[in-house]
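Working notes, beginning with the structure itself.
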Amino acid sequence: MAGDRKVELSEALALEPGWRHACHALLYAPDPRKLFGRIPMRFAVLMQMRFDGRLGFPGGFVDSQDSSLEDGLNRELLEELGDAVSAFRVERSDYRSSHLAAKQRVVAHFYAKRLTPEQLQAVEARAPQAKDHGLEVLGLVRVPLYILRDGVGGLPTFLENSFIGVAREQLLEALQDLELLDPGIMANLKIPASK
């Protein structure tokens, strides 16, 4: 879309009034298990099915009463994921990128937070009791960080889903930059075009 672009955080924060800021977080944790006893999981990465049927990351719009982007994000995480998020806090040091959507006058800020396996499992277990569960959030899903023998199943098939905004691009950038995938997977990944 014309006018949509990646921007530096300082540029995003300097935008004139009238722009809305949304913050979302990729939550992940190490996962030493193997699928079918042979496929290394490496990490568990959470996304959510949204009210509109698209995949995205937990988070939402920053309100005027929030004192910072991170305060707004942590408030949204509590609403969408429940009280298990009280065991950690997403900070400015977890910031990854910002994307500007000019037509909507929205800036989407993206964060990635590494959790312990126990923290991630607690989020998954307690999310159904969250305020927004069944409303804004229809459920959590783990991203399959592998490719099956057929070359299609796993991450390539997952990427064919419908994602909100730039969530798909944010996911792929984070998987590469944080080295969450087995090194051979990114090289062999045939990424389908965005929907």
Side-chain angles (χ1 to χ4, degrees), residues 5-17 19-32 41-50 55-101 105-133 136-137 139-143 145 163-181:
R5 61 188 171 92
K6 203 169 187 177
V7 295
E8 295 296 321
L9 180 59
S10 58
E11 181 182 351
L13 294 174
L15 290 168
E16 70 270 6
W19 283 84
R20 296 193 67 199
H21 295 266
C23 296
H24 296 86
L26 178 150
L27 303 176
Y28 69 102
D31 187 345
M41 301 298 284
R42 293 179 46 91
F43 290 92
V45 173
L46 294 183
M47 292 192 79
Q48 65 186 18
M49 178 62 66
R50 295 165 31 95
L55 291 169
F57 294 102
F61 283 105
V62 176
D63 293 337
S64 58
Q65 72 265 20
D66 296 318
S67 61
S68 68
L69 295 176
E70 294 77 23
D71 283 347
L73 174 56
N74 286 291
R75 176 187 48 75
E76 283 285 340
L77 293 178
L78 181 63
E79 292 173 7
E80 294 184 359
L81 301 178
D83 65 355
V85 303
S86 300
F88 60 88
R89 181 171 166 77
V90 178
E91 301 287 353
R92 182 64 51 100
S93 60
D94 300 310
Y95 170 82
R96 309 271 322 142
S97 63
S98 296
H99 285 83
L100 182 129
R105 295 184 63 83
V106 170
V107 183
H109 305 281
F110 185 58
Y111 296 74
K113 180 71 174 179
R114 184 177 176 137
L115 306 179
T116 67
E118 296 77 19
Q119 288 172 323
L120 187 121
Q121 290 165 1
V123 167
E124 289 178 311
R126 302 215 296 265
Q129 286 79 45
K131 174 185 165 217
D132 288 342
H133 184 80
E136 291 182 30
V137 180
L140 294 177
V141 62
R142 286 190 182 199
V143 178
L145 301 182
F163 293 79
I164 186 69
V166 293
R168 184 176 180 275
E169 291 78 10
Q170 291 168 327
L171 172 64
L172 289 169
E173 284 179 17
L175 292 179
Q176 184 170 5
D177 294 348
L178 298 170
E179 299 177 354
L180 301 181
L181 292 176

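- With respect to Glu173 and Lys6, a salt bridge is recorded, a charged nitrogen being found less than 4.0 Å from a carboxylate O.
- When the side chain to side chain contact (heavy atoms under 4.5 Å, CB included) test is applied to Gln129, the partners found at least two apart in sequence or on another chain are Arg126.
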### Message
Between Glu76 and Leu81, is the side-chain contact (heavy atoms from CB on, under 4.5 Å) condition met? List the steps.
### Response
CA-CA 8 Å; Glu76 283 285 340; Leu81 301 178; over 6 Å; no
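- The distance from the CD atom of Glu79 to the NE2 atom of His133 is 15.0 Å, given to the nearest 0.5 Å.
- In this structure the side chain of Val143 reaches within 4.5 angstrom of the side chain of Leu145, judged on heavy atoms.
- Contact check on Arg142 versus Glu124 returns a salt bridge, with a Lys/Arg side-chain nitrogen under 4.0 Å from an Asp/Glu carboxylate oxygen.
- Here His109 pairs with His21 under the ring-ring contact (aromatic ring centres under 6.0 Å, His included) rule; sequence neighbours left out.
- Contact check for Val7 versus His99: no side-chain heavy atoms found under the 4.5 Å cut-off.
- For residues 56-83, every residue pair satisfying the ring pair (Phe, Tyr, Trp, His ring centres under 6.0 Å) rule, not counting sequence neighbours, is listed here: Phe57-Phe110.
- Looking at heavy atoms from C-beta onward, Glu11 lies out of side-chain contact with Ser98 at the 4.5 angstrom threshold.
- In terms of heavy atoms, Arg114 sits closest to Pro30 at NH2-CG, 3.1 Å.
- Considering CG of Leu100 and CD of Glu8, their distance stands at 12.5 Å, rounded to 0.5 Å.
- In summary, of the residues considered (Leu171, Leu46, Asp94), a side chain to side chain contact (heavy atoms under 4.5 Å, CB included) with Leu26 occurs for Leu171 alone.
- Classification of Asp66 and Arg75 as a salt-bridged pair holds, one side-chain N sitting under 4.0 Å from a carboxylate O.
- Nearest approach of Leu77 to Gly59, heavy atoms of both residues: CD2-N, 4.2 Å.
- For the atom pair CE of Met47 and CD1 of Ile164, the computed distance is 10.5 Å after rounding to the nearest 0.5 Å.
- In plain terms, the two heavy atoms of Ala127 and Leu140 that are nearest each other are CB-CD1, 3.7 Å.
- Residues satisfying the ring-ring contact (aromatic ring centres under 6.0 Å, His included) test with Tyr95, not counting sequence neighbours, are Tyr111.
- Gly165 and Glu169 make their closest contact through O-OE1, 4.0 Å (heavy atoms, listed as atom of the first residue, atom of the second, distance).
- Glu70 and Val90 get closest at one heavy-atom pair: CB-O, 3.7 Å.
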### Message
Between Glu136 and Glu80, does the side-chain contact (heavy atoms from CB on, under 4.5 Å) criterion hold? Intermediate values first, please.
### Response
CA-CA 8 Å; Glu136 291 182 30; Glu80 294 184 359; 3.5 Å; yes
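- Shown here for Ala167 and Gly56, the closest heavy-atom pair between the two residues is CB-CA, 4.2 Å.
- You'll find the side chain of Arg89 stays beyond 4.5 Å of the side chain of Lys113, heavy atoms only.
- The side-chain heavy atoms of Leu78 and Ser86, taken from C-beta on, include a pair separated by under 4.5 Å.
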### Message
If you apply the rule side-chain contact (heavy atoms from CB on, under 4.5 Å), what do you find for Gln48 with His24, and how did you get there?
### Response
CA-CA 11 Å; Gln48 65 186 18; His24 296 86; 5.8 Å; no
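- For Leu178, the side chain to side chain contact (heavy atoms under 4.5 Å, CB included) partners are Tyr28, Arg96, Ala112, Ala174, Leu180, not counting sequence neighbours.
- In this structure Glu118 satisfies the salt bridge (charged side-chain N to carboxylate O under 4.0 Å, His left out) test with no other residue, sequence neighbours excluded.
- You'll find the side chain of Trp19 stays beyond 4.5 Å of the side chain of Val106, heavy atoms only.
- With a 4.5 Å cut-off on side-chain heavy atoms, Phe163 and Leu55 count as touching.
- Between Leu73 and Leu69, the closest side-chain pair of non-hydrogen atoms is not below 4.5 Å.
- Summarising the local packing, CD of Gln65 is surrounded by more than 12 heavy atoms from other residues, nucleotides or ligands at distances under 6.0 Å.
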